Amino acid sequence: AKNVRKTIRFLEKTFQIRSCAYKLPSRRVKLCIYYQMGYCPGPCEGLIRPEEYGKNVDRAIRFMKGKYDDVLEEIEEKMWKAAQERKFEVAALYRDQWRALQHLAERRRILSTSTENLDVMGLVQKGSIGAVEIFHLREGHLVEESFFLLENPLGKPVPALLSDSIKRFYQNHPGVP
């Protein structure tokens, strides 16, 4: 859940999607701190055309559906156009947006050609301490990683320790693939 909230905040900032719950259009709203910081284009005050704001939302949706290259190409085109028009601050904002999205896209690239939901689990043990790493793949994309340490003072064999870890993990985390 923490990673999901972080991703949502990142997408709100990067794609300039409002995080408030005001109904649009609004007549009695003052521009919020997110507008002042440059994270929101101010649709509640009509500072961005609804069509343009809709494009921001559409880009975020396409990005989350894995259409990274399309979105990155679109942002890169906007960056070059702004630079050609000598709007260097705008071009720099697009550059920063492109870099941030490129970084996130690399983390979410397809790791499997399968469209199944998978959790890939690995365990390493040294002495009485074990470490478990779980990669959560949804439709071939890495969406989350989980990591935890285990104590194994009784020296259980690795298969038994892994079996116990799987049972304990899925008791506390719904959504077994």
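When reading the values below, keep in mind they use all heavy atoms of this one structure, side chains included, and skip hydrogens, waters and symmetry mates. These numbers come from a predicted model, not from an experiment.
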**Message:** Counting C-beta onward and ignoring hydrogens, is there a side-chain heavy-atom pair between Q16 and C40 closer than 4.5 Å?
**Reply:** no

**Request:** Answer yes or no: is there a side-chain heavy-atom contact under 4.5 Å between Y35 and L47?
**Result:** yes

**Interatomic spacing from CD1 in I17 to CD1 in I61 - rounded to 0.5 Å** = 7.5 Å

**Prompt:** With a 4.5 Å limit on heavy-atom distance, are the side chains of K81 and E85 in contact?
**Reply:** yes

**Message:** Please enumerate all residues that pass side chain to side chain donor-acceptor pair (under 3.5 Å) together with E51, with sequence neighbours excluded.
**Reply:** R49

**Prompt:** Can you list the residues that meet the side-chain contact (heavy atoms from CB on, under 4.5 Å) rule with F88, with sequence neighbours excluded?
**Reply:** R86

**Under the side-chain contact (heavy atoms from CB on, under 4.5 Å) test, residues paired with L93 that sit two or more places apart** = none

**Non-hydrogen side-chain atoms of L137 and N117 separated by less than 4.5 Å** = no

**Prompt:** Is the shortest heavy-atom distance from the side chain of I166 to the side chain of V132 under 4.5 Å?
**Reply:** no

**Item:** Side chain proximity check, Y170 to D119, heavy atoms < 4.5 angstrom
**Value:** yes

**Request:** Would you please name every residue forming a side-chain contact (heavy atoms from CB on, under 4.5 Å) with Q97, sequence neighbours left out?
**Result:** T14, F15, I75, Y94, L101

**Message:** Would you compute the distance between atom CH2 of W98 and atom NE2 of H103 and round it to the nearest 0.5 angstrom?
**Reply:** 13.0 Å

**Residue list, side chain to side chain donor-acceptor pair (under 3.5 Å) with E74, at least two apart or on another chain** = R59, R62

**Asked** Going from CE on M79 to CD on Q84, what distance comes out if it is rounded to the nearest 0.5 angstrom?
**Response** 10.5 Å

**Asked** Should the pair Y68 and F63 be assigned to parallel (<30°), tilted (30 to 60°) or perpendicular (>60°) ring geometry?
**Response** perpendicular

**Request:** Could you please spell out the steps behind the salt bridge (Lys or Arg N to Asp or Glu O under 4.0 Å) verdict for E52 and K78?
**Result:** CA-CA 13 Å; E52 192 62 34; K78 286 183 164 206; 3.5 Å; yes

**Asked** What residues form a side-chain contact (heavy atoms from CB on, under 4.5 Å) with E73, not counting sequence neighbours?
**Response** E77

**Item:** Residues that D70 engages under salt bridge (Lys or Arg N to Asp or Glu O under 4.0 Å), provided they are two or more places apart
**Value:** none

**Fill in**
For K55, the side chain to side chain donor-acceptor pair (under 3.5 Å) test, sequence neighbours excluded, returns none

**Request:** Locate the shortest heavy-atom distance separating A83 from A91; write the atom from each residue and the value.
**Result:** N-CB, 3.8 Å

**Least distance between heavy atoms, R18 atom then Y53 atom** = N-OH, 2.9 Å

**Item:** Residues that D96 engages under side chain to side chain donor-acceptor pair (under 3.5 Å), provided they are two or more places apart
**Value:** none

